Enquirer: 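Below you'll find the structure I mean.
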Amino acid sequence: MRVHELSHFRANVEAIADRLATRGFAFDVEQWKVLDTERRAAVTEAEQLKAQRNAQSMEIGKLKKAGADTTAVQAEVRAMGDRITELDAKVVAVDERFRDLLTAIPNLPHESVPTGASADDNAEIKRVGTPRTFDFEPKAHWDLGVDLGILDFERAAKITGARFAVYFGQGARLERALMNFMLDVHTRDHGYTEVFPPFLVNSASLFGTGNLPKFGADLFKIENSDYWLAPTAEVPVTNLLRDETLEPEQLPIHFCSYTSCFRSEAGSHGRDVRGIIRQHQFQKVELVKFTTAETSYDEHEKLTQDAEDILERLGLPYRRMLLCTGDMGFSSAKTYDLEVWLPGQATYKEISSCSNFEAFQARRAGIRVRTGKGKSEYAHTINGSGLAVGRTWVAIVENYQQADGSVAVPAVLQPYLQAEVITKSGILR
RNA sequence: GGAGAGGUGGCCGAGUGGUUUAAGGCGCACGCUUGGAAAGCGUGUGUACUCGAAAGGGUACCGCGGGUUCGAAUCCCGCCUUCUCCGCCA
């Protein structure tokens, strides 16, 4: 039951429940205690009966070898088997309820996380760069991109549906340029190893990262299979090491990965309906680290800086927020959000989320570190966007727009785009 | 998609219904031996759950899930996966 190590959980139930309450999760300690007792009683009873059966079965073997008649004993043990079947069913049922209860428990917030109920209680850690002042009215990307002929929602709706987009010409190339730029920086300058995983993952992987069983509704599932469209590279990349025990000298492991990400956006109807801020498919460069418990918070800081470095090299104003207990994701112990300035909407918008999961995912996924002779402990996992490519595309277009409707290309992207400015494409319309 | 062969402990590898509480080897740890080491000898060597104050027990796990049986690594069924060949295909 690699969920929250049981003995530790049992010994600290009250304190854990208190901590969970800070993130708005009501954990019913009394109910848990009842279930725990019930489960242990069932397990113990079944195991005792099995021990008896094993012993008597062995006796039968010996008696048969000695040529004795075993009919009577066999009947007796057979009856015992029926009882065991019954007990096993009970154990499975109680165990399942118990597991459901445990797997639904979110991670505990780190002590440095501010207590709060919603995004309003998040703490701004820093602000970098100054939003540009325009001598004209800046447009939102959904107007600018469409006017430039590089972004098309109507044809996307025709071939697929709402919340999808098609990029043309320099728009498509900007997406590709950003992906290459981000991967190049992280692999060359930040020490990450590039990974290109499948975009489809199985249920076990989604359980490992904490998406299942609770959040299946946020995902797309392939019919007649156990395949799901990955909502983020975090899922395949973290699960690369599932059920593996790592040697301490292998750590830390730094992976970066470019993937498309797919989200059903169930329950987000009406939010960010315009433009490409919230799409069913978007591209993202993800940073994933595996570390020991000792270094995970240092590595979390560094990972966040690695993501910020992309924003800085692109000259995009941003701020770093520390999420409060009530606004964090299910699996996270501490999360920084990076928010980029979008002049078309005059707001800071999330473009990266960097979290330390401590051992939460490692417990669910069975990712261990050897600590000595036959001893091991769970690794810590950390990940963050570095960055969300689609939203970076938006930020470039909106921040670097010019009065004539063209977009200046930041210096670091010019080699990738082979252009200094994005101008109107006249291919369609 | 079709046919065939595999999947056993950290690794190699035996094992076709009952002293297998998984042989044997390698590796690893500890001890003896040694001036020190190697060799040699000896002992130990998984995970989870559970009973117990502890010492020490018990249960489950031989790819996964079912089934047969008093008893399954071993027999039966389904699935996953690896390799080889064929077909198809970027």
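Order of the sequence lines sets the chain letters (A, B, ...), proteins ahead of strands, with each chain counted from 1. Please read these numbers as outputs of a predicted model, since none were measured by experiment.
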Enquirer: At under 4.0 Å between heavy atoms, how does the protein contact nucleotides 50-73 of chain B? Give one character per nucleotide, 5' to 3', with B, S or -.
Expert: SS------BBS--------SBS--
Enquirer: Expressed as a whole number of angstroms, how long is the span from A/His8:NE2 to B/C49:P?
Expert: 14 Å
Enquirer: Expressed in whole Å, how much space separates the P atoms belonging to B/C79 and B/U16?
Expert: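 Taking atom P in both B/C79 and B/U16, they lie 26 Å apart.
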Enquirer: How far does the P atom of B/G44 sit from the matching atom of B/A23, given to the nearest Å?
Expert: 12 Å
Enquirer: Are A/Asp298 and A/Lys302 within salt-bridge range, i.e. N to O under 4.0 Å?
Expert: no
Enquirer: Could you tell me how the ring of A/Phe199 sits relative to the ring of A/Phe262: parallel (under 30°), tilted (30 to 60°) or perpendicular (over 60°)?
Expert: tilted
Enquirer: Quick one: A/Phe9 CZ to B/C49 C1', roughly how many Å, whole number?
Expert: 16 Å
Enquirer: Which one is paired to B/G27, where only Watson-Crick or G-U wobble pairs with both distances under 3.5 angstrom count?
Expert: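 B/U45 is the nucleotide pairing with B/G27.
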Enquirer: Write out all pairs satisfying ring pair (Phe, Tyr, Trp, His ring centres under 6.0 Å) with one or both partners inside residues 168-194 of chain A, taking only residues at least two apart or from two chains.
Expert: A/His186-A/His190, A/His186-A/Tyr192, A/Tyr192-A/His254
Enquirer: Measure CG/A/Asp226 against C1'/B/U81 and give the value in whole Å, please.
Expert: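 Rounded to the whole Å, the gap is 14 Å.
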Enquirer: Distance between the P atoms of B/C26 and B/A39, in whole angstroms?
Expert: 11 Å
Enquirer: Checking base pairs now: Watson-Crick or wobble, both atom distances under 3.5 Å. What partners B/A39?
Expert: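 Answer to the pairing question: none, since B/A39 forms no Watson-Crick or G-U pair.
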Enquirer: Rounded to whole angstrom, note down the P distance from B/A37 over to B/A29.
Expert: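 One P to the other, the span is 14 Å.
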Enquirer: Look at A/Arg391 together with A/Glu398 and state whether they make a salt bridge at an N to O cut-off of under 4.0 Å.
Expert: no
Enquirer: Pick the P atom in B/U47 and in B/C11, then give their distance to the nearest Å.
Expert: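 Those two atoms are separated by 14 Å.
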Enquirer: Using the P atom as the point on both nucleotides, what is the distance between B/G24 and B/A14, in whole Å?
Expert: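 So the two P atoms sit 15 Å from each other.
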Enquirer: Determine, for A/Arg83 against A/Glu86, whether the closest basic-nitrogen to carboxylate-oxygen distance falls under 4.0 angstrom.
Expert: yes
Enquirer: To the nearest 0.5 Å, what is the distance between CG (A/Leu229) and CD (A/Gln281)?
Expert: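 Taking CG in A/Leu229 and CD in A/Gln281, the distance rounds to 9.0 Å.
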Enquirer: Could you state the atom-to-atom distance from NZ of A/Lys62 to C1' of B/U21 in whole Å?
Expert: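 Rounding to the nearest Å, NZ of A/Lys62 and C1' of B/U21 are 11 Å apart.
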Enquirer: Looking at A/Lys90, I want to see if its NZ is surrounded by more than 12 non-hydrogen atoms of other residues, nucleotides or ligands under 6.0 Å.
Expert: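 Counting neighbours around NZ of A/Lys90, 12 or fewer heavy atoms of other residues, nucleotides or ligands fall under 6.0 Å, so no.
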Enquirer: Which base, if any, makes a Watson-Crick or G-U wobble pair with B/C70, both distances under 3.5 Å?
Expert: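 Partner of B/C70: B/G18.
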Enquirer: Pick from A/Arg242, A/His380, A/Glu234: which one makes a side-chain hydrogen bond (donor to acceptor under 3.5 Å, both in side chains) with A/Gln361?
Expert: A/Glu234
Enquirer: With both distances under 3.5 angstrom, what nucleotide forms a Watson-Crick or G-U wobble pair with B/C64?
Expert: B/G78
Enquirer: A/Tyr378 OH to B/U47 P: how many Å, rounded?
Expert: 11 Å
Enquirer: Could you let me know what B/A3 is paired to, Watson-Crick or G-U wobble, both distances under 3.5 Å, or none if it's on its own?
Expert: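 Across any shown strand, B/A3 pairs with B/U84.
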Enquirer: Rounded to whole angstrom, note down the P distance from B/G63 over to B/A55.
Expert: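 Per the computed distance, 33 Å lies between those P atoms.
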Enquirer: Using the P atom in both, what is the distance from B/C62 to B/A22, to the nearest Å?
Expert: 12 Å
